[in-house]
Amino acid sequence: MTTEYLTKYTSHMLKLADVFWAYILIAISLLLGRFIRQRISILRSLFIPSSVVAGIIALLLGKGALGAIVAANNPASPLANGLFSEAIINTWKQSPGIFINIVFATLFLGQTIPGFKKIWQQASPQAAFGQVLGWGQYVVGLLLTITVLTPVFKLPPIVASLIEIGFEGGHGTAGGMKQTFADLNFPAGADLSLTLATVGLVSGIISGTFLMNWGRNTGKITITRNSEIELGIGENEESIHTNTPESPDIKDARKSLFRDLLIDPISLNFSFVGLGIGIGWIILESLRLFESLTWGKGEAALQVMKYVPLFPMALIGGILVQILLMRTNRQYMVSRPLMERIGGLALDIVIVTGLATISLQALSANLPALLILAIAGISWNIFVYIFLAPRLIPVYPYERGLGDLGQSMGVTATGILLLRMVDPDNRSGAFECFAYKQLLFEPILGGGLFTGIAPTLINNYGALPILGLTSVILIVWLVFGFWNCKQLKKVGVDV
């Protein structure tokens, strides 16, 4: 590891005991969040995760809320900085950028990755719909930045990336981008994107439920429920990979492996997560080296990879590890359910620590801009769902499109929840299409490569050129989506 990389994450010289107690407090906060969530019906009805509740509780008990109130009345009080020490807060501030790498490395480990032809046949309409939602969020954000946010509120152009980071990326991506925003001299960007992620999570559930009822009342949603919905959704119990079959031979081989190696299953699976992250780090450092030797050389050099976070590459590293295991017939060494538990724990840590360290001062200073971005992002997503879903998805457009709507306004879990609500028996085939679409979507948007480099591109080139780029990409996906939908309808392919 380079000295620069180590310095970035050890600059506060934290003691191991401080780190230990920081994560003990996260565990206690999660228990408290779960307790409160179970006793407040509105939190349950909106399916707000316990990790979000825990993060907000930690935020309110910290320096920015409780501490500010106490300090205003008694600056000498031991609670003037809230309940948490500076060392605890420093540990939490660094946690999202670290643990998000684990989340993304686990996304496809243990998942059967089919051939590209099968993925394309089932996922191309869904991919076009998701890409239109994502690239449109950039276009909307850039238009607002050029016309309002920069000239009126004097915000830097990179504010244009916040809708996609907060809505498509969710809390994990927003937290993971904290260091990138700091490097680009806009630390408030992390606070704003985390708040947008919270707004998106709540509005995604509310608007998705409203649109589902609208679709049923107007006849646009034709599937009726044959069985009671068994949502069974805790915070990270849902998965887009639950359709991955495992043969008895794989299960037997896994049991034999654990018996012979005398290793705990979660330890072995975490080892592959580490391998994926390590491969991702090698890819990122190689790209940075290549950039430094080419267009990034000299005083007037353009440096992009310098600001790219590790987590998009960790996702690619995880995919490469999974492909290697499949090619060598050793996929039995990885358990998908365990990978989901590892990723779920890491995601909870990202969410709690990201929310707990939000700067309330930054939010209050940028509240009008935050409201503009939130309203514009929600409006775009609903517009695309109502008017473009039937032109991009050939069969069951409003059922299948609901999952992407949820994902584009919160997290993947929101999309899965809405799919289970609208089609619990999966008669539309929405779950398979949604799962395969992730292979074409997540490496690019929603925390993928372009999500990671977008703030740097906007910062280096300005809002107008990137508006041109994202508009062209949006138009390309629209044209392809319209054409692809017509072709599939012509041949009558039931995808």
Side-chain angles (χ1 to χ4, degrees), residues 41-49 52 122-123 125-130 132-134 136-137 167-168 170 197-235 237-240 242-243 374-375 377-435 437-438 441 446 481 485 494-495:
S41 58
I42 190 171
L43 296 178
R44 295 198 309 273
S45 63
L46 291 176
F47 297 95
I48 303 300
V52 172
Q122 289 200 260
Q126 215 81 25
F129 183 66
V132 167
L133 282 166
Q137 289 178 5
F167 277 18
E168 285 284 3
T198 303
V199 172
L201 182 65
V202 175
S203 62
I205 297 293
I206 295 174
S207 62
T209 304
F210 172 81
L211 289 169
M212 180 178 61
N213 292 328
W214 165 80
R216 293 196 190 282
N217 292 334
T218 58
K220 297 183 183 297
I221 290 178
T222 58
I223 288 181
T224 56
R225 197 168 68 217
N226 282 342
S227 59
E228 291 297 318
I229 301 176
E230 296 180 1
L231 294 175
I233 292 183
E235 277 57 64
E237 293 174 352
E238 70 291 325
S239 170
I240 64 170
T242 52
N243 63 321
I375 293 171
I378 293 170
S379 300
W380 166 256
N381 291 338
I382 293 176
F383 167 81
V384 172
Y385 175 78
I386 293 176
F387 295 103
L388 296 183
R391 294 168 175 82
L392 296 171
I393 304 174
V395 293
Y396 300 114
Y398 290 106
E399 289 88 347
R400 294 185 178 185
L402 206 59
D404 293 279
L405 175 74
Q407 183 182 29
S408 70
M409 296 178 71
V411 289
T412 302
T414 306
I416 293 294
L417 169 64
L418 293 176
L419 285 179
R420 289 184 178 179
M421 290 172 67
V422 73
D423 184 17
D425 302 309
N426 194 29
R427 289 191 286 153
S428 67
F431 287 97
E432 289 80 5
C433 294
F434 187 76
K437 183 217 72 173
Q438 305 303 91
F441 183 83
C485 184
D494 186 18
V495 296

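Put simply, the side chain of Gln407 never gets that close to the backbone of Gly130: no donor and acceptor are under 3.5 Å apart.
In this structure, the side chain to side chain contact (heavy atoms under 4.5 Å, CB included) partners of Ile386, at least two apart in sequence or on a different chain, are Leu211, Trp214, Ile382. Tyr385 pairs by the ring-ring contact (aromatic ring centres under 6.0 Å, His included) definition with Tyr398, not counting sequence neighbours.
Contact check for Leu402 versus Tyr396: no side-chain heavy atoms found under the 4.5 Å cut-off.
Closest of all the heavy-atom pairs between Thr222 and Glu399 is N-OE2, 2.8 Å. Heavy-atom minimum distance, Ala389 versus Pro397: O-CB, 3.5 Å. Between Pro390 and Cys485, the closest heavy-atom pair is O-SG, 4.1 Å. Of all heavy-atom pairs spanning Leu405 and Ser408, the tightest one is O-OG, 2.8 Å. Shown here for Val132 and Trp380, the closest heavy-atom pair between the two residues is O-CZ2, 3.5 Å. Minimum heavy-atom separation, Pro125 to Pro394: CB-CD, 3.7 Å.
One finds the CD1 atom of Ile206 at 9.0 Å from the CD1 atom of Ile378 (value rounded to the nearest 0.5 Å). Once rounded to the nearest 0.5 Å, the distance linking OG of Ser203 with CG of Asn381 reads 8.0 Å. To the nearest 0.5 Å, atom CD1 of residue Ile221 and atom CE of residue Met212 are 7.0 Å apart.
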